[in-house]
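First up is the structure itself, then whatever we jot down about it.
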Amino acid sequence: MNLLPFGLLPPHTPRHFVPANANFNDWPQLGALFDQLEARFAAATTVDALEKCLLDWGELSAAIDEDSSRRYIAMTCHTDSAEAKKSYLDFVEEIEPRLKPRQFKLAQIFLQHPQRASLPKQRYEVYDRETAVHVELFREQNIPLETEETKLGQTYQELCGAMTVQFRGEERTLPQMARHLEEPDRSLRQEAWELVAKRRLQDAPKIEDIFDGLSGKRAQIAANAGFANYRDYAFRSRCRFDYTPDHCLEFHAAIESEIIPVVRELQQVRREQLKLDTLRPWDLDVDPFNRAPLRPFTDVGDMVNRTQKIFDHLDGGLAGAFRQMQDLRLLDLDNRKGKAPGGYQSTLNESRLPFIFMNAVGVQRDVETMLHEAGHAFHALATRGENFYSYRHAPIEFCEVASMSMELLGNEHLEEFYSGPDANRARRTHLEGIVKFFPWMATIDAFQHWIYTHPGHTRAERTAAWLALMDRFGGLVDWSGHEAARANLWHRQLHIFLHPFYYVEYGIAQLGALQVWANSRRDQAGSLSSYQRALALGGSRPLPELFRTAGCTFEFTAKAIRPLMQLVRGELAKLN
Ligand SMILES: [Zn+2]
């Protein structure tokens, strides 16, 4: 049974090394291919031979990767299919644990290879330094600690996923409650917000326990790898070669001086528009003029057609790429029973084609998600010509430039979805969202810097550190009567639990996206061609060079942020 939305896809390049009929469920077959590669590396006495080994290893990795992506896509498109679930779990439980040590062994063999130093420097420097870090940080005794870390993360997710409240006689999940914060009726908003806050606080002690467990394991992992603290370990393991913890601290200070004043100004305006004495936590998501929610499209076909028209305005290449995705059925966008929640873009690494998954229901957020995921898909398509598997994906800091730029550039043509005033209302909501995100990002990032450089801290000290950051970045919201909810607000930020230190990337990328947008204001065609040139580099060059090629500086200082905030403020003033 074919559970995939797309049919047979045209192969990008015929396989040279992996047999056409390879069975990825059969570990001995895969293991034999790794044996062959090890022997080939050992026999490679020239640079050419070594490069050929690297390409074939990449071919195998891409084929395995695509196989796993297909299983994941089938499972998320058919959560009710036992067959799809089993196929995915077979990969996670049977194939992946055997795969990891073999991939690691090949990385070690590469690093010790006599021809490694003779590889063309410019071509291999990025790959070489990342491979070296993975091998450098590997510690046998960290494997069980990482397993325990994953399990604690799962406990956190189960705990949060199981939280429900009784609202107006019905049991509701917390994500379901979020839409009530957009209701014009203030007392209803307050009731909904307080129910959720109270429910979260019930589990606060358990969440603190989980986090103590996680931070202890992480300190141990860092110590085993020879690091003074987990922050320094995390920067290395995330391959942050081009910025340091101090750059992040400077970024936080720049957000405080350049962006917080704009946030306060926006909150002041919101308070006046809502005719309130003080803004409370339940007043932040409602339309300030109490208008009904925007309805951009009727069904998914309609959404795709209108999105296509936006790309037609922007650029012939992007328009063609989006049309090709429709022709190959690489989009599964409607919300229906039996689909996993959320949205994602996944790359089929052997076909070198992107796939977009969404649950569109007809709200403005869907339009933003569609443009965002299309940006990721354009990135995947732009790297199709790159034969070296490792370079077909970029670091996350730049991947999100690809997607966030597309939100901003696409928003210039929102008239494809709305009449003029509604298009401006949607633009305004989007831009305000960008401004408000920066202080929250700084809070989450600065909090983690504090946590992992203060080992052995007490819970009271941790709470005090969090509250100091809420004072610094929290804006004008009046939390009186809800002090406990404010003190525990970080409990709901999944990244702190599951992906430590993975958050500043979004802030770095948003600065890049704002620059791409600023450039397009001066020269749309020029900005889009720089954007596409940078996307086509994939992960073959260091971050600052990817940014530079896209026409952006890789800098998170007040000086870099100031003109971008001026642009956003000017734009917001026009959209009023
Ligand atoms: Zn994204």
Side-chain angles (χ1 to χ4, degrees), residues 65 69 72-73 76 175 238-240 303-304 307 310-311 314 318 321-322 325 330-333 335 339-349 352-360 363-383 392-411 426 429-438 440-441 444-445 493-496 498-517 528 531-532 534-539 543 546-547 550 552 554 556:
D65 192 76
S69 299
Y72 182 75
I73 292 168
T76 52
R238 295 194 166 277
C239 289
R240 292 180 175 175
M303 176 178 79
V304 170
T307 306
I310 290 182
F311 295 133
L314 283 179
L318 300 181
F322 194 66
M325 292 190 70
L330 293 167
L331 308 167
D332 188 332
L333 308 176
N335 170 262
K339 249 175 107 167
Y344 64 82
Q345 185 271 328
S346 169
T347 302
L348 301 160
N349 266 305
R352 306 189 193 177
L353 288 168
F355 169 76
I356 299 179
F357 177 97
M358 269 178 70
N359 278 284
V363 297
Q364 165 54 21
R365 180 92 203 121
D366 294 332
V367 178
E368 289 173 20
T369 306
M370 178 79 261
L371 292 168
H372 181 99
E373 303 305 341
H376 285 308
F378 295 149
H379 206 173
L381 287 168
T383 63
R392 285 204 294 274
H393 32 85
I396 191 86
E397 291 90 340
F398 193 71
C399 289
E400 295 300 328
V401 175
S403 53
M404 290 170 167
S405 298
M406 213 26 76
E407 291 180 43
L408 283 158
L409 297 173
N411 273 0
T429 309
H430 182 249
L431 282 179
E432 284 191 359
I434 290 176
V435 175
K436 283 189 293 190
F437 175 71
F438 281 105
W440 179 251
M441 184 287 288
I444 296 298
D445 193 50
Q493 188 64 53
L494 170 126
H495 294 69
I496 296 176
L498 265 67
H499 313 291
F501 280 102
Y502 172 23
Y503 213 59
V504 72
E505 286 89 339
Y506 296 113
I508 295 172
Q510 191 62 264
L511 292 181
L514 286 168
Q515 291 179 78
V516 170
W517 180 55
L528 272 162
Y531 167 85
Q532 285 172 289
L535 262 51
L537 288 175
L543 269 178
L546 297 177
F547 272 68
C552 312
F554 184 72
F556 349 127

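Counting convention: from 1, in listed order, for ligands and their atoms alike.
Residue contacts to the Zn ion (ligand 1): His372 brings an N, O or S atom closer than 2.8 Å. Using a cut-off of 2.8 Å, one finds that Glu373 contributes no N/O/S atom close to the Zn ion (ligand 1).
At distances below 3.5 Å, at least one donor-acceptor pair connects side-chain atoms of Thr383 with backbone N or O atoms of Ala380. Proximity of a side-chain donor or acceptor of Asp332 to a complementary backbone N or O of Phe357 within less than 3.5 Å is not detected. Put simply, the side chain of Glu505 gets close to the backbone of Tyr503: a donor and an acceptor are under 3.5 Å apart.
Between Tyr72 and Tyr344, a ring centre-to-centre spacing shorter than 6.0 Å is recorded.
Taking the Zn ion (ligand 1) as the apex, the angle formed with NE2 of His376 and OE2 of Glu400 is 90°, to the nearest 10 degrees.
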